[in-house]
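Only heavy atoms go into these numbers, but all of them, side chains included; no hydrogens, no water, no symmetry mates. Starting from 1, each residue takes its place in the sequence as its number.
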Amino acid sequence: MSLQFADRLNNVETSAIRELFKLLGKPGIISFAGGFPDSAMFDVEGIREASSLALSQEPGAALQYGATEGYGPLREQLAHFMAQKGVKELSLEQLIVTTGSQQALDLIGKTMISPGDKVIVEGPTFLATIQCFRLYGAELISAPVDGHGVDTDVLEKLIAEHRPKFVYVIPTFGNPTGALLNLERRKKLLELAVKYKTLMVEDDPYGDLYFNDAPPPSLLALSAQVPGSRDWLVHCGSLSKVLSPGLRVGWMIAPPELLSRAVMCKQFSDAHTSTFAQATAAQYLKAGRMPATLDKVRQVYALRAQTMCNALRQNLGDAISFVQPQGGLFVWASLTGAGGKVKDGNAFAKMAIDKGVAFVPGAPFFCQNPDHSTLRFSFATVGEDKILEGVDRLKQAMDASVSASA
C-alpha cells in the first residue's frame with residue numbers, strides 16, 4: 001500500500017537534532033546537544049504544592065474542559081507576570097494560553113501563511129520555527145545576525161524588497177545563538193513594523209534567564225514608546241525554560257483580529273491547553289515562588305556558561321570563536337580552521353561522538369546559505385566537572401582532526 005500524503009510535507013524533513021539524539025545512547029557520553037533546562041532545577045516541591053492547591057480549591061475547573069482562550073486565573077497571573085516585566089495595560093482579552101510557545105508559533109503559521117508567502121527569520125534561528133513555517137508553505141528569507149542579534153539595517157532592506165507576511169525574531173538569548181539584541185535595535189524593529197506595516201513576531205522563552213544585568217525590555221514592553229507598534233506586534237512567551245517544560249504552558253499576546261483567528265484554529269487542534277496544567281501554573285505564580293526559582297536557575301546557568309567558555313578558550317584556543325552569552329542556555333561558536341584543524345561542524349560532530357561528547361552542528365539552524373563552520377553547545381544540563389571533561393574530549397577530537405588531515 002502506498003499512502004498519498006499532503007504535498008505540504010514535501011517542504012519539511014525530520015529534525016537533524018532529533019536524529020542526532022539517536023546517537024547519544026553510547027555509554028558515558030557527555031552531551032552538550034540538548035536545548036532544554038536541567039530537570040534538577042525544577043521546583044518540584046513548589047509544583048507539588050501548586051497542583052495540590054489546584055485540586056483542593058477548584059477541582060471541577062482544574063479537571064474539566066475549559067475555555068480555548070485559557071484558564072481565567074492563569075491569564076490573570078500571566079498578565080501580572082508580564083506587568084512586572086514592564087508590559088503595561090495588558091488586558092486578558094489580549095492574551096491566550098497555548099500548549100507551549102511552540103503552539104503559538106504553529107497558530108501564527110496557520111493564521112498568517114499561505115503557500116508562497118514570504119517570511120523573514122534570523123539566520124540562524126530556532127530550527128522548529130523553520131520547519132513549522134515551511135510546513136505551511138512559507139518562502140523563508142534569512143536576515144543575518146551578529147553577536148548583538150539581527151542586523152536591523154540589512155533587515156530593513158529585506159523588508160523593503162520582499163514585503164514579508166511577517167518577521168520572526170528571538171531578541172533575548174535566542175536559540176541557537178544566545179545573542180542579546182541591544183536597545184537601539186529593539187526600537188528599530190518596532191519602527192520598521194510601523195513604517196512598513198509588517199507584523200513583528202517576538203519569541204521570548206529565554207528572557208528571564210539572564211546572568212548579571214537584566215536585558216533590555218522586550219519588544220512588547222518597549223512598544224509603548226513607539227506609537228502604533230503594538231498593532232503590528234505578536235509576543236510569544238513560555239514557562240518551559242523557567243518552570244517546567246512538562247507543563248506545556250505558553251502564551252501569545254497579539255492584535256485582536258489575529259488572536260480571534262488563532263483561538264478558532266486552536267479549537268480545531270486541541271480545544272484548549274490542559275486545564276490541570278494551567279491551574280497548577282496559576283497557583284505556582286500566585287504563590288510568589290518564581291523570583292526565588294529564577295534566582296537559583298540564573299546562578300547555576302551563569303556558572304556553567306562561564307565554565308564552558310573558559311574551558312573552550314583554554315582547550316581549543318584560536319580554533320574556535322564565540323561571543324560569551326549573557327543569558328539563556330547556549331554558546332554559539334564557529335570553527336576557524338586555525339592550524340589546519342577541522343572547520344566543518346558536521347565533520348567535527350562525528351569526531352566528537354567518537355570521543356564521547358556531543359553537540360549540535362549549526363548548519364540546520366539556517367533557512368538559507370548555511371554556515372557549516374558553526375556549532376551550538378548547551379551548558380544547561382551538565383555540571384561543571386562534566387563540562388570540563390567534555391571540553392577536554394572536544395580538544396582530543398580537534399587534535400585528532402589535525403592528525404587525520406596530515
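A heavy-atom distance below 4.5 Å is found between the side chains of L219 and P171. Within the 4.5 Å cutoff, no side-chain heavy atoms of Y136 are placed close to those of P115. The shortest distance between side-chain heavy atoms of F32 and R376 does not fall below 4.5 Å. Inter-residue side-chain proximity for W232 and V167 is flagged as unmet; no heavy-atom pair is nearer than 4.5 Å. Annotation: side chain of V242 is in contact with side chain of L294 (closest heavy-atom distance under 4.5 Å). Within the 4.5 Å cutoff, side-chain heavy atoms of Q306 are placed close to those of N310. Looking at M82 and L220, their side chains come closer than 4.5 Å, going by heavy atoms from C-beta outward. The side-chain heavy atoms of R289 and E49, taken from C-beta on, include a pair separated by under 4.5 Å.
Under the 3.5 Å distance criterion, the side-chain polar atoms of K165 are matched with a main-chain donor or acceptor of M112. Distance alone, capped at 3.5 Å, is enough to place a donor-acceptor pair between the S56 side chain and the S52 backbone. Side-chain atoms of Q326 never come within 3.5 Å of backbone atoms of F211 as a donor-acceptor pair (strictly under, hydrogens ignored). Listed for the S229 side chain is a donor-acceptor partner under 3.5 Å among the backbone atoms of S223. A distance-only check finds no donor-acceptor pair linking the side chain of T152 to the backbone of R185 [under 3.5 Å]. Between the side chain of R393 and the backbone N or O of G356 there is at least one donor-acceptor pair closer than 3.5 Å. The closest donor-acceptor contact from the side chain of S114 to the backbone of D117 lies at 3.5 Å or more, if one exists at all. Without hydrogens or angle criteria, D399 side chain to Q396 main chain gives no donor-acceptor distance under 3.5 Å. Remark: the backbone N or O of A311 is paired with a side-chain donor or acceptor of N315 at under 3.5 angstrom.
For the pair K110 and D106, the salt-bridge criterion is met [side-chain N within less than 4.0 Å of a carboxylate O]. A salt bridge is defined here as a Lys NZ or Arg NE, NH1 or NH2 lying under 4.0 Å from an Asp or Glu carboxylate O, and D270 with R248 fails to meet this definition. E384 and R304 are joined by a salt bridge, as a carboxylate oxygen and a charged side-chain nitrogen come within less than 4.0 angstrom of each other.
Residue R75 holds its CZ atom at 8.5 Å from OG of S91, rounded to the nearest 0.5 Å. One distance of note links CG of L316 with OG of S321; it measures 11.0 Å at 0.5 Å rounding. With rounding to the nearest 0.5 angstrom, the CG atom of L209 is 9.0 Å from the NZ atom of K241. For the atom pair CD1 (I29) and CD1 (I353), the distance works out to 3.5 Å, reported to the nearest 0.5 Å. In this structure, the separation between CG on L222 and CZ on R230 is 11.5 Å, given to the nearest 0.5 Å. Taking CD1 from I108 and CG from L199, the interatomic distance works out to 7.5 Å, rounded to the nearest 0.5 Å.
A pairwise comparison of heavy atoms in A221 and G86 identifies CB-O, 3.6 Å as the closest pair. For the pair R186 and P217, the tightest heavy-atom approach, listed with the atom from each and the gap, is NH1-O, 3.0 Å. Heavy atoms only, all atoms of each residue included: V357 and G390 are closest at CG2-O, 3.7 Å. Taking both residues in full, the closest heavy atoms of C236 and L105 are given as SG-CD2, 4.1 Å, listed atom of the first, atom of the second, then distance.
Residues satisfying the side-chain hydrogen bond (donor to acceptor under 3.5 Å, both in side chains) criterion with S238, sequence neighbours excluded, are S240. Applying the ring-ring contact (aromatic ring centres under 6.0 Å, His included) criterion to F133, with sequence neighbours excluded, gives F166, Y168. Under the ring-ring contact (aromatic ring centres under 6.0 Å, His included) criterion, F379 pairs with no residue at all, not counting sequence neighbours.
Within 6.0 Å of atom CZ in R163, more than 12 heavy atoms from other residues, nucleotides or ligands are found, so the atom counts as buried in its surroundings. Summarising the local packing, CD of E89 is surrounded by 12 or fewer heavy atoms from other residues, nucleotides or ligands at distances under 6.0 Å. The neighbour count for D7 CG, taken as heavy atoms of other residues, nucleotides or ligands under 6.0 Å away, does not exceed 12. Shown here is Q84, whose CD atom has more than 12 heavy atoms of other residues, nucleotides or ligands within 6.0 Å.
A donor and an acceptor atom, one from each side chain of Q299 and D295, are nowhere located under 3.5 Å apart.
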In a table with atom names and distances, give each donor-acceptor pair under 3.5 Å that connects a side chain of residues 360-371 to protein atoms at least two apart or in another chain.
{"residue": "Q368", "atom": "OE1", "partner": "S142", "partner atom": "N", "Å": "2.8"}
{"residue": "D371", "atom": "OD1", "partner": "S373", "partner atom": "N", "Å": "3.0"}
{"residue": "D371", "atom": "OD1", "partner": "S373", "partner atom": "OG", "Å": "2.7"}

Using distance only, find each side-chain donor-acceptor pair of residues 278-288 under 3.5 Å and give its atom names and separation, not counting sequence neighbours.
{"residue": "Q278", "atom": "OE1", "partner": "Y71", "partner atom": "N", "Å": "2.7"}
{"residue": "Q278", "atom": "NE2", "partner": "T273", "partner atom": "O", "Å": "2.8"}
{"residue": "T280", "atom": "OG1", "partner": "F276", "partner atom": "O", "Å": "2.9"}
{"residue": "Q283", "atom": "NE2", "partner": "Q57", "partner atom": "OE1", "Å": "3.2"}
{"residue": "Y284", "atom": "OH", "partner": "D43", "partner atom": "OD2", "Å": "2.7"}
{"residue": "Y284", "atom": "OH", "partner": "T293", "partner atom": "OG1", "Å": "2.6"}

Without placing hydrogens or testing angles, list every side-chain donor-acceptor pair under 3.5 Å for residues 190-198, not counting sequence neighbours.
{"residue": "K195", "atom": "NZ", "partner": "E156", "partner atom": "OE2", "Å": "2.8"}
{"residue": "Y196", "atom": "OH", "partner": "E156", "partner atom": "OE2", "Å": "2.9"}
{"residue": "T198", "atom": "OG1", "partner": "Y196", "partner atom": "O", "Å": "3.2"}

Report the C-alpha separation of T125 and V145 in whole Å, then their side-chain angles, then the decisive distance to 0.1 Å, and conclude whether the side chain to side chain contact (heavy atoms under 4.5 Å, CB included) test is met.
CA-CA 9 Å; T125 192; V145 302; over 6 Å; no
